[in-house]
A.B. asks: 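Below: one structure in structure tokens.
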Amino acid sequence: MRVLSAMSGGVDSSVATARLLAAGHEVTGIHLALSRTPLAQRVGSRGCCSLADVHDARRVADRLGIDFYVWDFSKRFADEVIGDFLSEYAVGRTPNPCLRCNERIKFAALLEKGLALGYDAVATGHYARLVENEQGLELRRARDTGKDQSYVLGVLDKHQLAHSLFPLGDSLKSQVRAEAAALGLAVADKPDSNDICFIPDGDTAGFLSDKLGAAPGRIVDIAGNDLGTHQGTYRYTIGQRKGLNLGVPSVDGRPRYVVGLAPDTRQVIVGAAEDLTVDELHGIRPTWTSEPPRGRWRGKVQVRAHGEAMNAWIETRADAVVMQLDSGCRGVAPGQYAVCYDGERVVGSSVILRAS
Amino acid sequence: MHEQDPTEQDRAKHDQVEQDQVEPVYADHAASAPMRLSARVALTNMASLTGNPSALHAAGRRARAALEDAREELATLLGAYPDEVIFTSGGSEADSIAVLRAAEQLAASRPGVLVSTIEHPAVGSVADVLGVRCAEFGVDSAGHAELVQLTELLRRHPAGPVGLVSLMTVNNEVGTVQPVELAAEIAQQAGAWFHTDAVQAFGQLPFDFGSLGAQLASVSAHKIGGPVGVGALLVRRGLQLGRYGLGGAQEAGVRSGTQPVALAAAFAAAAREAVAEQASLTMRLRQFRERLVTAARPLGGVVVNGAEPLSPAIVNLGFAGASSDDLTFLLDQQQIFCSSGSACRAGVHGPSEVLLAMGRDDDAARGGVRFSFGWSTTSADIDRIIAALPAAVCRARAVPR
């Protein structure tokens with residue numbers, strides 16, 4: 001196959017690229033330029049966007065002897081990922097830019113361009129498995145459960161998966177690092193990236209207040225009692241406990257958590273742990289990795305990248321998904337993606353509209 | 001929209017060509033030309049010459065002699081006196097010295113600086129350093145400098161009297177030959193110095209510093225088949241530039257650093273050959289240009305960026321609906337090396353500043369593909385480009401925006 005390998009400059013996509021070559025594919029390395037103001041220097045442990053990462057990716061491509069290009073998706077990234085990130089926070093939701101990027105950039109903009117240019121597939125260094133069987137193509141959790149990234153791929157549909165390759169799905173991270181070292185790749189010891197790539201210093205609240213401006217308001221409890229002030233509802237996430245800086249202890253002395261955000265009245269609502277517990281999630285904008293399952297079915301629901309998969313009854317509706325969790329779950333914020341699994345298999349995703 | 005729609009047949013043909021192992025076609029001379037054999041010979045011969053040209057012993061004197069041989073030969077070929085030739089590390093350094101030193105020398109008496117909107121960054125980015133002291137005069141839609149605007153700005157530059165005007169001889173992206181002799185005359189009448197970046201001109205067009213009327217001119221070796229890492233700034237006799245940077249000011253009291261004798265000798269060798277064959281090469285390249293443009297026309301939506309007078313060595317084509325990045329990518333895949341002549345940022349190309357200055361919109365400014373030719377270009381190269389273009393254009397037009 002003719003494959004475009006998305007090379008971030010990290011160890012995972014580097015080894016993925018090497019494996020594609022070893023498997024006999026015709027591979028072209030592509031570094032996605034996503035930032036409009038790439039940082040010149042290495043900062044922290046990030047895994048994409050800086051000029052240092054372009055350099056690392058290029059050197060791996062040199063080492064592997066493949067063609068390498070930098071493609072500029074910074075405008076689409078700014079519009080569809082960063083823009084969405086900001087507007088979601090502005091209305092009190094908690095977006096996941098990595099899923100959004102996979103949905104709109106890596107497996108959309110990059111894939112469509114690749115297909116138009118005569119390529120068959122896009123490959124990435126995500127830890128997930130694609131398995132072909134009688135039912136068709138299945139997206140499954142990675143063998144390395146600690147690294148499993150099937151959650152962030154939960155937004156992909158049948159067409160996208162048919163043109164995707166994940167060469168690392170059957171490997172342990174430790175094997176991948178060892179393989180990078182054996183191949184003589186300089187990135188073998190490069191730290192993993194954990195942060196949001198467009199917020200290199202990890203200060204999400206600072207980034208949001210820069211972009212959205214200060215929007216001070218009140219912190220109140222569920223009964224409406226005024227407890228303090230805040231500098232913007234977007235600085236808080238449902239389930240957050242730290243950073244509230246409430247001078248007054250709660251009446252019962254128990255810790256308080258953010259249980260609600262009301263950007264229109266600029267209120268951050270706090271409550272006790274049990275006020276955070278939900279067992280019904282309503283998801284919108286569903287995507288399915290194969291034919292959408294019908295009616296009500298048993299499955300598992302995961303709401304964050306490395307969160308627990310929770311048993312649930314899942315009901316597929318026309319443009320929505322209702323997930324009834326067997327037991328309560330804490331700290332689910334609107335805007336998060338709920339990815340549904342059938343055992344190890346990713347069935348689909350939806351964006352949480354509300355939780356109750 | 002287009003006269004040809006993408007067809008599966010075209011794509012199949014494209015893929016087929018791609019499969020075949022073919023000799024590369026190098027069509028990026030304006031970026032860097034292959035080194036001529038004469039230059040390689042001079043470079044290797046001189047590489048074994050030990051000695052610092054400033055040293056007083058015999059070894060130093062021999063190095064000095066070789067350096068001065070190269071300087072004298074280049075001076076002859078450039079129409080300059082040997083003491084007007086200052087060796088530099090290349091075109092960018094020659095430009096930097098010319099513009100920054102002239103601006104510095106004239107800061108008190110004539111603070112204004114005027115550069116065209118289509119200069120190479122080595123000249124154009126002087127605005128970042130000088131701020132309001134620098135103003136720009138534009139070009140018309142064909143890419144030729146607006147001398148009326150230049151005259152106007154010489155009369156009323158916001159920063160006061162103008163000390164320096166800089167206009168390149170040949171634009172590096174679209175190949176337009178600029179009216180430098182006229183511009184030099186206009187500048188001189190206004191009492192300003194005139195500098196021209198002649199990096200894309202020397203060796204491609206007749207060039208004579210003596211009759212040019214410019215006080216300063218920049219040339220480079222590797223655009224004409226010499227080695228990378230050497231160039232020259234021509235400084236009119238009597239002009240005082242002062243020191244640039246720190247060091248021994250070995251080159252005419254201006255440029256510091258031990259002179260690279262082997263590079264200078266190889267530069268002279270390449271220049272000798274380039275000048276000797278310039279007229280015949282021009283004739284050949286003009287035919288190549290004609291064939292390429294004629295073959296491209298039927299692809300529809302074709303724009304030839306720039307109009308005569310043009311360098312025979314540069315052909316800049318736009319194909320409506322196709323980005324130059326995708327086209328150069330597809331041609332690269334077929335071992336045809338050309339470029340999307342534009343500003344490079346982290347390996348990513350933005351719209352061409354030159355095409356924007358010529359009044360193109362953003363899409364058109366992202367569409368210009370530059371083929372640039374030179375001494376090693378063969379008729380077979382042009383055939384290969386002509387054969388590859390239809391399918392590449394077709395496919396590039398199918399890429400979603």
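Per chain, numbering begins at 1; letters A, B, ... match sequence-line order. Computed from a prediction, not measured in an experiment: that's the story for all the values here. Values below: every heavy atom of this structure, side chains too, minus hydrogens, waters and symmetry copies.
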A.B. asks: Counting only heavy atoms not in B:D128, do more than 12 fall under 6.0 Å of its CG?
C.D. replies: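 Yes, because the 6.0 Å sphere around CG of B:D128 holds more than 12 heavy atoms from other groups.
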A.B. asks: Between B:F329 and A:W71, how do the two ring planes meet: parallel, tilted or perpendicular, split at 30° and 60°?
C.D. replies: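 Perpendicular.
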A.B. asks: With a cut-off of 3.5 Å and sequence neighbours excluded, list every side-chain donor-acceptor pair involving residues 13-21 of chain A.
C.D. replies:
from: A:S13; atom 1: OG; to: A:S8; atom 2: N; distance (Å): 3.1
from: A:S13; atom 1: OG; to: A:S8; atom 2: OG; distance (Å): 3.2
from: A:S14; atom 1: OG; to: A:G10; atom 2: O; distance (Å): 2.6
from: A:T17; atom 1: OG1; to: A:S5; atom 2: OG; distance (Å): 2.8
from: A:T17; atom 1: OG1; to: A:S13; atom 2: O; distance (Å): 2.6
from: A:R19; atom 1: NE; to: A:E179; atom 2: OE1; distance (Å): 3.3
from: A:R19; atom 1: NE; to: A:E179; atom 2: OE2; distance (Å): 2.9
from: A:R19; atom 1: NH1; to: A:P167; atom 2: O; distance (Å): 3.0
from: A:R19; atom 1: NH1; to: A:S171; atom 2: OG; distance (Å): 2.6
from: A:R19; atom 1: NH2; to: A:S171; atom 2: OG; distance (Å): 2.9
from: A:R19; atom 1: NH2; to: A:E179; atom 2: OE1; distance (Å): 2.6

A.B. asks: Using every non-hydrogen atom in the two residues, find where A:A116 and B:A398 come nearest and quote the distance to one decimal.
C.D. replies: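 Taking A:A116 first and B:A398 second, the nearest heavy atoms are CB-O, 3.7 Å.
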A.B. asks: Could you check whether any side-chain heavy atom of B:D326 comes within less than 4.5 Å of a side-chain heavy atom of A:K113, counting everything from C-beta outward?
C.D. replies: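 Yes, close enough: below the 4.5 Å cut-off.
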A.B. asks: Has A:R63 got more than 12 heavy atoms of other residues, nucleotides or ligands less than 6.0 Å from its CZ?
C.D. replies: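 Result for CZ/A:R63: open.
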A.B. asks: Whether the A:Y69 and B:D332 side chains hold a donor-acceptor pair (N or O, under 3.5 Å, no angle test) is what I'd like checked.
C.D. replies: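 A donor-acceptor contact under 3.5 Å links the two side chains.
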A.B. asks: With heavy-atom distances below 4.5 Å as the criterion, would you say the side chains of A:L117 and B:Q333 are in contact?
C.D. replies: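 No, too far: nothing below the 4.5 Å cut-off.
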A.B. asks: Residues in side chain to side chain donor-acceptor pair (under 3.5 Å) with B:S92, at least two apart?
C.D. replies: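 Listed in chain order: nothing, the list is empty.
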